[in-house]
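First comes the structure, then the notes that go with it.
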Amino acid sequence: MKNALGISGLILDEPFLWERGKKGRMGMSLPKSDVPESPLSDELVGDGPDFPDLSEVEVVRHYTHLSTWNFGVDTGLYPLGSCTMKYNPKTNERQASLPGFAQAHPLLPAGLSQGVLKIMHDLQIYLAEVTGMPAVSLQPAAGAHGELTGMLLFYAWHQKNNQTRTKILIPDTAHGTNPASAALCGFQSIPLASNANGILSPRDVKALMDEDTAGIMVTNPNTLGLFETHIKEIADIVHAKGGLVYADGANMNAVMGMVDMAQLGVDVLHLNLHKTFSTPHGGGGPGSGPVCVTEDLEPFLPVPRVVAVKNGFELSEDFPESIGKVHAFYGNFGIQIRAYAYILSMGKDLKTASQLAVLNANYIKESLRDTYHLAYDQTCMHECVFTDKHQQEYKVSTLDIAKRLIDYGFHPPTIYFPLVVQGALMMEPTETESKEDIDRFINTLKAISKEAEENPELLLQAPTRTKVRRLDETAAARKPCLAG
Amino acid sequence: MKELSELNFPDDVKYSDDHEWGKMDNGEVTIGISDYAQDQLGDIVFVELPGVGDTFEKGGEFGTVESVKAVSELFLPLGGEIVAINEELEDSPELVNTEPYAGGWMIRVKPDDPAELDQLMSKDTYVDSLKE
Amino acid sequence: MRYLPHTQADIDSMLEKIGVESLDALFASIPADCRRQTDLNLPEAMTEWELNSHMGRLADQMAVCPESRVFVGAGSYDHYIPEVIKQLVGRSEFYTAYTPYQPEISQGTLQAIYEYQTLITRLLGLDVANASMYDGASGLAEALLMAIRVTRRNKVAVSRLIHPLYRRVIQTYFAPTGFEVVELPMTAAGKTDLSGIDDLESFAGIAVQSPNYFGCIEDHQALGDTIHTAKKTLFIVGFTEPLAYGLLKNPGSLGADVACGEGQSLGIPRSFGGPGLGIFAARKAYMRSMPGRLVGKTQDIEGKRGFVLTLSTREQHIRREKATSNICSNQGLCATAAAMYMATVGGTGIRKLAQINHDKAAYLQNALVDAGFEIPFATPVFNEFVVKFPQGFDATYKKMLDKNIVAGLPLEKDYPELSDHYVMCVTETMDKPDMDLLVEEVAA
């Protein structure tokens, strides 16, 4: 295909750190010592770790080379469904690295930390406004951590009502962290099947909901990119039996300014700042997973909490019913500040972001519906799910399609998730992608489908232009080699 | 994954509805997973087995079999005590793929009630169930 | 808005292709009673320049070194971070990339994390390290849960000299589980007292921190020897200051089965306590029971060396409710920064740097003794130590705050029997004149 992005390039190889260097080199400027040496006894002193000795230039070349092997959002379109790979604004990086914030010690008296406390306080207010949930804790360090916190909140709330409930209802489209988080709190996951339209039916919830069920964990919009239209009725059913509703807010990017989660009957919601609020993914973290709750659950939020006082802000532990702490300090402040800067930069345009995210996804859906099989043929939200059903005729699979996309300069969509769809290709473009880039993506997928028909080897051998190709994951799991 | 016709189903073992096979020999039942099961799972990377001496009821979970992308629990098709486990699988889990009925055997059980083995499916019944 | 590239013409053209009249029509699947009734009530969007001013004003309201002299560690340490690290970790190929699920285009992240795992095993003297947990506290909680899973016992012991905030996180994690947490007391020397436990075999794991919250170096060897008289019981060594192991004998060589703690000291800014780095390493036997991501070395179809996430079947996205943990992400960028730091300081350098840290703390400790103050615990320390100030010292402490000197962290809140005791921290960033000033001020 002409005008493909993945053309050619010089990819430099790079050995391991310990294959570089020479004993005695140092990459750091060793500080001078203006105090006498104070030897420790031989009993305590070891040989020191077997680290290589590298010069500063070696370190720089090493990591520069490594960086060239990575594809990031700054490289190109990264349509990973349910990950919200939107652009990471550079001004956020500047704000987070201001010395006043980057060097702040977490345990100083509040009077010395007013700047960060104000940021946390205001961020909580903004997140409350966006979600409609009145009380917020920024403490969880990631989405899954937020889910764990939510489950701990469920447990505490039921305990207060003198109940020990053992079950949680979890849809079959749920992210794996949902049942895992429930299990960490001793809850048994009861699977809930989605109906033929890809969403939950109140009737199915009613059949399973009882007084031994602590509540339900829903994702809305769900992982098929569909809005759970019966959510209010489902919440009522759960509440009627004394249960709570947890919403996994991973897909919040579809509904900012459009939906008020509290109105839907949600009791606890977590957000992923590294998805919806533009903080970078960092190659796998760090993220931030604030939880937002109703007034009824507010007393149980982790401590300490930022509170406004006469002269500013303080961290207060004065919440006797709190579940305690899930993080040593206050969560990932360095990430929270990036989300804060993002919200201040976007203002009401957060709603526009959601609208355009949904526009982009539907545009992709409409443009590819004649080429790829659509798992659910209805208006999607910010992501759409296709399958490899048509292409299977040519003996190529979702995996092969994904690998071929790499040759064309795109990161593949999420593959084989959610589990309820065979051969799923879940695409979430986000709002920061232009029409031209999306058109190029669409045309590429059409071209790949044609290749599947006419020359499937191109897909089966893909990717061909990367540094490594089709790594042996079986060998890696059979004989794990986790350190060098 | 292979077509049914390409898979192997010996006549001399019984099959459970979760794709295990059992074979009686001198009062002990050897158990493994069927050729269909290993084909579905893909390259096996790890098999978690119980200890010798552990006892289970019929339907009890005695271990897991892992491929790169999936894990399957293993359930005992009959109750009894584990008298032997296939230690080769620790270093060579791929035996489950290459020889599911021979070198890829998993455990040997002394059954509480040998009649439970007869309740399992014959080869023909099992293969028919796979066609659905 | 500069992050939203759509022009009106783009929007119109796309709506036409979809076959709807307006953006609002795309939300038709949302029932009316689910729709938000009011507009978002948020401050007017700031320009980049307004944001800079706003953030600058807030940053000025913070007390930061070197304008302030902060003698506090307690899980968050002031170490010099070379500019090299900031520039390298700021390369957007590292920080705008996602989890390496498509390994062919993530080899940068994967090799960097594999190298991180390797350097951590060498630092701690153990066989396998994961790609990191959220922070030292949650990592320790997960280590205890792993011990429970592996031994199938329901009880753990946790030293009172582990960071009080870490112990609170453990309590929170354990609250719904029904597992028991027994607290180990301390000796007069400021170390963990294991002597009161006579049923070691009933414990899944026993956890200490070294250097501990008082900065004291624990007797790993003795503790490990005792614990290992019990079958299966895990010896877990936590830490908040990994730099100590640039100089001290590492936990693995002294019998630890698991070493886990906070890696912020390794090239990560304090950032008011987060993001941190939950370092987690263990013996080979626990490899398949470990929580968290693991990067493994392998080959591609042409035989070239490459890396992938591996042993994923332990994790939530496959194992779901039976996973070794619910953790999904790691602290990827922080682990990368830590690897860069370890690479930059090097094997020769880290010993020197650790020695300087120790020397500086020893200087302050001796200066305080010379000025007449009591050091209550006669145990070797690393870069933190406890000093006893006279009764009523908190008035002096407050006066010093006004001069931007934070004279340590009071212990009374978490150790009620230790009123007027403060834990002080000195790293390579503190100058002799600053320490002399502190001594002058407290002695006044």
Side-chain angles (χ1 to χ4, degrees), chain A residues 26-28 31 34-35 38 46 48-49 51 53 63 66-67 69-74 95 98 100 102-104 106 112 114-116 141 144 155 176 179-181 183 185 189 257 260 280-286 324-325 328-329 332-334 347 355 363 434-435 466 468 470 476 481 483-484, chain C residues 5 10 14 23 36 45 55 58-59 61-64 88 91-93 95-99 104-105 107-109 118 121-123 134 137 165 168 172 176 249 269 271-275 296-298 300 306 310 316-317 320-321 323 326 328-329 331-333 344 346-347 349 351 362-363 428 432:
Chain A
M26 192 164 164
M28 183 182 284
D34 49 6
V35 297
S38 168
F51 288 173
D53 285 351
Y63 285 102
L66 260 53
S67 75
W69 307 339
N70 261 13
F71 189 105
V73 173
D74 281 10
Q95 314 312 340
L98 290 174
Q103 293 182 32
L112 299 177
Q114 288 298 298
V116 301
Y155 179 82
S181 304
C185 287
S189 306
D260 174 325
H281 285 83
K325 297 179 74 55
F329 301 112
N332 289 342
F333 174 76
Q355 291 175 320
Y363 180 70
S434 69
K435 182 173 177 299
T466 46
V468 291
R470 303 262 182 161
C481 177
Chain C
D10 289 336
M14 293 170 85
L23 285 172
R36 204 188 151 97
M55 299 305 278
L58 289 174
Q61 291 175 39
M62 298 296 297
V64 210
L88 289 171
R91 290 179 74 88
S92 69
E93 295 91 337
Y95 78 83
T96 69
Y98 188 61
T99 305
E104 287 100 333
I105 46 179
Q107 289 296 297
T109 296
T118 303
T121 60
R122 295 182 187 191
L123 181 69
Y134 306 131
L165 296 175
R168 289 179 62 190
T172 303
K249 286 188 175 139
S271 280
F272 205 57
K297 189 176 69 163
T298 186
D300 79 344
T310 192
Q316 46 74 29
H317 57 292
R320 297 172 76 89
E321 62 269 13
N326 74 332
C328 180
S329 56
Q331 299 285 92
L333 201 64
T344 306
R351 284 204 96 196
Y363 175 80
E428 78 274 13
K432 181 167 168 302

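The sequence lines fix the lettering, A, B, ..., with proteins before strands; numbering per chain opens at 1.
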Which one, [options], leads in non-hydrogen pairs under 4.5 Å with chain C?
options                       : result
A:S181, A:C185, A:A102        : A:A102
A:G282, A:G324, A:S434        : A:G282
A:M28, A:R470, A:K325         : A:K325
A:A483, A:A141, A:G257, A:G27 : A:A483
A:G72, A:A104, A:G334, A:G100 : A:A104
A:D74, A:L98, A:D260          : A:D74

Would you name the heavy atoms of [X] and [Y] that are closest together and state the gap between them?
X      : Y      : answer
A:F71  : C:A97  : O-CB, 3.7 Å
C:A362 : A:S38  : CB-OG, 3.3 Å
C:E428 : A:P31  : CG-CG, 3.6 Å
A:F333 : C:S271 : CB-O, 3.4 Å
A:G347 : C:A45  : N-CB, 4.0 Å
A:A144 : C:Y134 : CB-OH, 3.7 Å

Could you state the interatomic distance from [atom1] ([X]) to [atom2] ([Y]), rounded to the nearest 0.5 Å?
X      : Y      : atom1 : atom2 : answer
A:Y63  : C:T344 : OH    : OG1   : 7.5 Å
A:F51  : C:T118 : CZ    : OG1   : 10.5 Å
C:L333 : A:H281 : CG    : NE2   : 12.5 Å
A:N70  : C:R91  : CG    : CZ    : 10.5 Å

A:V468 and its side-chain contact (heavy atoms from CB on, under 4.5 Å) partner, picked from C:T298, C:D300, C:I105: C:D300
Side-chain (A:N332) to main-chain (C:G274) donor-acceptor, under 3.5 angstrom: no
Could you tell me which portion of [X] (side chain, backbone, both or neither) has an atom closer than 4.5 angstrom to a non-hydrogen atom of chain A?
X      : answer
C:Y98  : both
C:T310 : side chain
C:R168 : both
C:L123 : both

Side chains of A:T466 and C:Q107 in contact at under 4.5 Å (non-hydrogen atoms): no
Top contributor to chain A contacts, counting heavy-atom pairs under 4.5 Å, from C:G296, C:P269, C:G332: C:G332
Interface residue of largest heavy-atom contact number with chain A, from C:R351, C:E104, C:Q61, under 4.5 Å: C:E104
Proximity breakdown for A:Y363 and chain C, heavy-atom pairs closer than 4.5 Å: both
